[in-house]
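Written out below as structure tokens is the structure these notes cover.
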Amino acid sequence: MDKGTQTKLRDRVTGSKALMRALQAEGVKTIFGYPGGSIMPVYDALFDYTRGEKKCFDHILVRHEQGATHAAEGYARVSGEVGVALVTSGPGVTNTLTGIADAMLDSTPIVVIAGQVPITALGTDAFQEVDLVGVSQPISKWSYQIRHAEDVAWAVSRAFYIARTGRPGPVVLDFAKNAQVEEIDWEPKKVDFIRSYVPYPKLDMEAVSRAAELINNAKKPLALVGQGVELGNAQEELKAFLEKADIPAGRTMLGLSALPSNHPLNVGMLGMHGNYAVNLKEQECDVLIAIGMRFSDRVTGNLKTYAKQAKVIHLDIDRSEIDKNVKTDVAVVADCKESLPALTALLNENNHQAWRDSFKELDEKERVKVIEPATHPKEGPLLMGEVVNAVAEQAQDDAVLVTDVGQNQLFATRYFKYHHKRSICTSGGLGTMGYGMPAAIGATFGAPGRQVCCFMGDGGFQMCIEELGTIMEQKAPVKMILMNNHYLGNVRQWQDMFWMRRKSFTKMMNPCYELIAQGYGIPYQAVTDRKDLAAAVEKMLSSDGSFILECAIKEEDNVLPMTPPGMNVNDMMLEI
């Protein structure tokens, strides 16, 4: 066989086409992206993979690269798969950094693939050159520059392995333009082992035994449930654990859908604006069992006084979280999908009825002072709590809650109802305004068929307002609830409480949202009177596609309860 015939028999592809094959091998179905000069060869290859007989990807053209990362996050949160964003170099990829940092803090598995100048131009300040690896390393699980086409298959497989295993997180691939156009003989790669990376620590049964002993002897046990349960797909294992030992459970904001709202052992949301009883009971329990949560400052308040009376058991897959904020008596470092059943097997059947009943008086106090006035006011302007409650009452049981950041987030997470796993997308650790709309777009692709209800304030809505174009083009069925109080509400509340009511640049002059909705061809309705609220919500939820429901909210509506920053969790305020 001559050399020419051998060449013809080889499976020769460019680095860009190798990327397509590698993504296909990882099971990628949806890509959120925005093209540009340094990623153009990849987009040319993508052309053939998004149409015709060869089609295997849906590419969603966002309107801003930050939107691509948040959409990938929303997709990952509800689907349990890795979200993918594809962007160009320079400003294209620097626009993704907020989303990468957001995904890192919230343990969301995404892979961001960015174009880069050719390796011959690196270090010359070439047009749209930026040191992406250097910039992104501190905010990602792994950041790598693909310099040659022969490295594509290996790098992509390794990226997805790192992103989805262990404690998930974002991975960044910096794809040099020369590597995109070089030709290689295609050879698939599968990375399922990295010598220095142990994503699933070996379960220590001695630690499990010590934890079980503490729980079996506890009189007032309390579980704190975090997003790690959702990430580990351990929702059923969690229920079995709680039910066998009869343990009441609070949930972090990101862990809210790990346990159904109506489960008898669910005692509410933890944290600064969580539920009154569970926060106070953290200071009374004798054994505190943290499951897949990181003891955020928004949960613990003043660490010097937090749960000092309790023995602390911490179940987490990430050893770096152990003793980071709260000193642990027993640490069980493993995937909770494995550690929870092992622990449950050693537990005694128990009954803590008296302990659970002790929550009721505090729950009732919160209901009378906070919940009823917030969700069922009798007069005055509309309140955020009643808007969220009205949507929650009519939404489907498996509806997905997406929020932006601010008061809308705090009211929405408090008063929405969770019946199904993976039902919440919100920016927890970074608190990213502008997260809501693109994350909701991603959620519609990650969980087609489920209602996606996205609550936003007027500030966050305008931060990613350009993604209305993506919603229009994709006909993404996002139900957008715009709670408009003409303020940056959460900052305004803090100014009122802690800065002598000096409202420094929090008042908003807003556009006519009806005209904006009209420009994008999105159905719209405004509600200013509560007598019209239920019907408007029904109209929105029964519509086939996207919808904007603008609600005129009381300007000085406040989120309560609240633990003031730096204070003890049992200093939680029910009124201002």
Quiz prompt | Pro138 to Gly134 - nearest heavy-atom pair and separation | solution = CD-O, 3.7 Å
Quiz item: Hey, are Thr432 and Asp102 close enough side-chain-wise for a donor-acceptor pair under 3.5 Å?
Solution: yes
Mind checking what makes side-chain hydrogen bond (donor to acceptor under 3.5 Å, both in side chains) contact with [X], not counting sequence neighbours?
X: Ser136; answer: Ser143
X: Glu467; answer: Thr470
X: Lys141; answer: Tyr197

Quiz item: Does His59 have its ring centroid less than 6.0 Å away from the ring centroid of Tyr43?
Solution: yes
Quiz item: How about Tyr161 and Trp142: are their ring centroids closer than 6.0 Å?
Solution: no
Self-check item: Basic-acidic side-chain contact under 4.0 Å: Arg77, Glu230
Solution: no
Could you pull out every donor-acceptor pair under 3.5 Å between side chains of residues 28-39 and any protein atom, sequence neighbours left out?
| residue | atom | partner | partner atom | Å |
| --- | --- | --- | --- | --- |
| Ser38 | OG | Ser89 | OG | 2.9 |

Practice problem: Can you run down the ring-ring contact (aromatic ring centres under 6.0 Å, His included) pairs that involve residues 417-449, sequence neighbours left out, and say none if there aren't any? | Solution: His70-Tyr435, Phe416-Tyr418
Quiz prompt | With Glu81 via salt bridge (Lys or Arg N to Asp or Glu O under 4.0 Å) - residues at least two apart | solution = none
Self-check item: Donor-acceptor under 3.5 Å (His64 side chain, Gln66 main chain)
Solution: yes
